[in-house]
Every structure is written in structure tokens, then in C-alpha cells.
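For reference, the structure is listed below as C-alpha cells.
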Protein chains: 2
Amino acid sequence: MGRLQRELRQNRPFQSTAHEAVVGLIRTADMVRRQMTALVGPQGITLQQFNVLRILRGAGSEARDGVPTLEIADRMIEQTPGVTRLLDRLEAKELVRRQRCPKDRRQHLCWITPKGLALLQKLDEAALRSHEESMKGLRAKDRATFIRLMEAIRAPHQ
Amino acid sequence: MGRLQRELRQNRPFQSTAHEAVVGLIRTADMVRRQMTALVGPQGITLQQFNVLRILRGAGSEARDGVPTLEIADRMIEQTPGVTRLLDRLEAKELVRRQRCPKDRRQHLCWITPKGLALLQKLDEAALRSHEESMKGLRAKDRATFIRLMEAIRAPHQ
DNA sequence: TATCAATACTTGACATGTCAACTATTGTTG
DNA sequence: CAACAATAGTTGACATGTCAAGTATTGATA
């Protein structure tokens, strides 16, 4: 009887290795997600909102021109249909600024505000520590393997 | 520049291997979750509801006595505060039956109904295929490694 | 045995997620 | 250049998730 099966106190064995991998994956991600949520929550934002802010900061050179809404949706770590409303809330908190694109008036361009940047900076260190904490069960070499295996999982689905 | 960084079209590199592992993990799990959701959705249930049904079926020998609500919460793959309402909806669909425990009237015991069992049976094959599909990027040996690495990640957090 | 803490939920209030339908604007094609 | 499709997003309706506070019941203690 495997460890995961014990964790979930199930009496049936997994139907296949693939099944065990899927369940383990969802369970592990949930754990890590919760850690991150606990980190950003006290600052009044959700994990998704945090992700949007990081996208806007991380956009790099193109950040000056602003990032269109759907471009943000595309870059989200987790697929998120409700980006508009995410941005509404971030704008209400003055962490993000939006403006219609003059060249293509269908687009809305987004920027992170100085207030948003300050919030991210405040979270940066804690996030770094949190990631280390989440992955403390793996040594450097195993982390690299883990990353590689997940890329192999995602590759056929793009 | 790593593959994941390209996937997310970020111009900033990851701050650490742990960071890349965390982001990859959440992203990969989201992908797999979506596949599963797409599978069970057409049957009118959510992934969490599906999980509850599988818990009730998988409870094994103790299933005769029924499973208390909080026991279900404990066994969920993903931590879920709203088990009561999950059960409400499942009961409304007649996939689950509930009853007060006579020995401890605080507890509510739950069983899967024949209708619930039939629904699970209908989904079993498709779920098996879906798990294979999700993990098709990994060969058998890599799957075992992957499972082991995730257990190592979770172990320090129990 | 009355009181108090702990357990096992349930409920309310509110934020978030999700899907489908809708609007505005821009490209494309006969 | 008019008509139509495609793009980029918004909005509405509803389900789900989440947190805090409330209720019923049981166990432990003075």
C-alpha cells in the first residue's frame, strides 16, 4: 500500500501509476497553492491577483507600452477566464492602471502602478522563502529532475 | 532561458529553482485538473463532487457504516472547507444519502447511492484513459520517479 | 450533576470562478 | 466599399469556494 493511499486513507489501490501521479499532482499543488495564498492573503490580494501583478512587472521591455488584457490571460500560470474582473479589483485597489489602446481601440492596456510595485517588493522576500519552504523536501538535483518531468508532462498538451 | 519561462512569455528569469518548481507544479496541476473537469462536467458533477463520490465508494469495509462528513473532508485530495454544501448538492442529485448517526448525534453519516455508483462506473473507463492521456509524456519509470518526488515534497508538511 | 470545553457540523455573507451571450472595433473579401 | 467574419474584451447569471460565527451534542471536570 503506497504512501499516498495512506495519506488519503483509501482502501482501494490506485488503478494505475498514471492515476496515482494525477492524484499526487493535484494534492501537492493544492498544498503549495495554499502556502502561497496564506502568504499574499494578509496583503489583501488573492493568488491570481498576485500573479497578474507579477506578470505586469515581469513583462520587461514591453511593459512601457502596457500589456493588453488577453495577453495577461495568456500568461497566467493557471488558466483564468475572469481576467477582466481580476483587473477590475486590482484597479479598485489602485495596484493596476488601465487605458484604452489608441492604436487598436478594442484593446485595453494595463500597467502596474507604483503602489502595486511596492506591494510586490514587500512580498518578494517572503515569496522566496515560501518557495524554499515548499520545496525543502527536495535537494537541488531532485528539483531539477522534478521540473524536467513536469515539462515532459505538459509538452504533449500544448 | 528555460522552457517554462518561454511558456509564460516572461522576460524575467525565475528567482530560484524552487520558484520554477512551484510555478511549474501549479501550472501542470491546473492542466490536469482541467482535463478531469472536462471529463466529469458532462455528467453534471464537479471535480470535487466526483472526488467525494470516489471517497465514499473507496471507503471499503467501513462503507457499510457510512462515512462521517468531516472524515470525507479529511480524505479529500484538495482541502475543501465546504464539504457540507458539496454533500447538499450531491444529495439533491440523489448520488449520496445522509443520515444522523444514532450513536453520536453530532455526526452525519454518508453513503453513496446506487445511482452514484452507476455514475462512477460510467466514468471509470474514461477516467482511466484521461489519466493515461495526462501522463503520456512520462514513461513508466519516470512516473514512478515523479510520484516519489512529490511524496518527498509533501512529507515535511504533514 | 451542573458547567465548561471540545467536537461535528451548519449557516450566512461575500469573494471568486465559469460559461455563455453580448458589444465595440478591426480586418477581409467579393 | 459594403458585408461579414474575427478579434478583444465586457457583462450577466449562476455555481462554487472561503471565512467567520452559530448550533447541537458530547465528553471532561469541579
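Because the structure is a prediction, the values reported are computed rather than measured.
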> Does C:dT25 have OP1 or OP2 sitting under 4.0 Å from an N or O in the side chain of A:Arg105?
Replying inline: yes
> Does a side-chain N or O from A:Arg106 land closer than 4.0 Å to OP1 or OP2 of D:dA6, or not?
Replying inline: no
> Expressed in angstrom and rounded to an integer, what is the separation of B:Arg85 atom CZ from C:dT11 atom P?
Replying inline: 8 Å
> Which nucleotide sits closest to the side chain of B:Asp104: D:dT26, D:dG9, C:dT10?
Replying inline: D:dT26
> What integer distance in Å separates A:Gln107:CD from C:dT25:C1'?
Replying inline: 11 Å
>> On the nucleotide D:dA8, are OP1 or OP2 found under 4.0 Å from the side-chain N or O atoms that A:Thr69 carries?
In response: no
> Separation of B:Leu47 atom CG from D:dT16 atom C1', in whole Å?
Replying inline: 13 Å
> When you look at CD of B:Gln79, are more than 12 heavy atoms from neighbouring residues, nucleotides or ligands closer to it than 6.0 Å?
Replying inline: no
> Between A:Phe50 (CZ) and C:dA15 (C1'), how many Å, whole number?
Replying inline: 20 Å
> Can a side chain N or O of B:His108 be found less than 4.0 Å away from OP1 or OP2 on C:dA8?
Replying inline: no
>> Can you see if the side chain of B:Gln49 gets near the phosphate of D:dA15 - specifically, an N or O under 4.0 Å from OP1 or OP2?
In response: no
> A:Leu90 CG to C:dT16 P: how many Å, rounded?
Replying inline: 9 Å
>> Taking A:Val83's backbone N and O only, do any of them form a donor-acceptor pair with A:Thr80's side chain (distance below 3.5 Å, no angle check)?
In response: no
> In this structure, are over 12 heavy atoms from other groups packed under 6.0 Å from B:Lys115 atom NZ?
Replying inline: yes
> The side chain of A:Leu70 lies closest to which of these nucleotides: D:dA8, D:dT25, C:dT25?
Replying inline: D:dA8
> Nearest 0.5 Å, what's the CG-CD distance between B:Leu119 and B:Gln49?
Replying inline: 10.0 Å
>> Please determine whether a side-chain nitrogen or oxygen atom of B:Thr84 lies at a distance below 4.0 Å from atom OP1 or OP2 of C:dT10.
In response: yes
> Would you say the side-chain atoms of A:Thr113 pair up with the backbone N or O of A:Arg97, donor to acceptor, closer than 3.5 Å?
Replying inline: no
> Which sits closer to the 5' end of DNA chain C, A:Lys103 or B:Leu109, going by the nucleotide each is nearest to?
Replying inline: B:Leu109
> Within this structure, what is the CZ-to-C1' distance between A:Arg100 and D:dG9, rounded to whole angstrom?
Replying inline: 9 Å
> 5'-most contact on DNA chain D: A:Pro68 or A:Arg34, nearest heavy atom basis?
Replying inline: A:Pro68
>> Rounded to whole Å, how long is the line connecting atom CD1 of A:Ile45 with atom P of C:dT16?
In response: 11 Å
>> Measuring from atom OG1 of B:Thr84 to atom CZ of B:Arg89, what distance do you get when rounded to the nearest 0.5 angstrom?
In response: 10.5 Å
> Looking for any heavy atom pair under 4.0 Å, which part of the strands does B:Thr46 touch: base, sugar-phosphate only, or nothing?
Replying inline: sugar-phosphate
> Has A:Arg89 got a side-chain N or O lying under 4.0 Å from the OP1 or OP2 atom of C:dT16?
Replying inline: yes
> In whole angstrom, what separates B:Met76's CE from D:dT18's P?
Replying inline: 11 Å
>> If you compare every side-chain N and O of B:Gln48 against the phosphate oxygens of D:dG17 (OP1, OP2), does one of them come in below 4.0 Å?
In response: yes
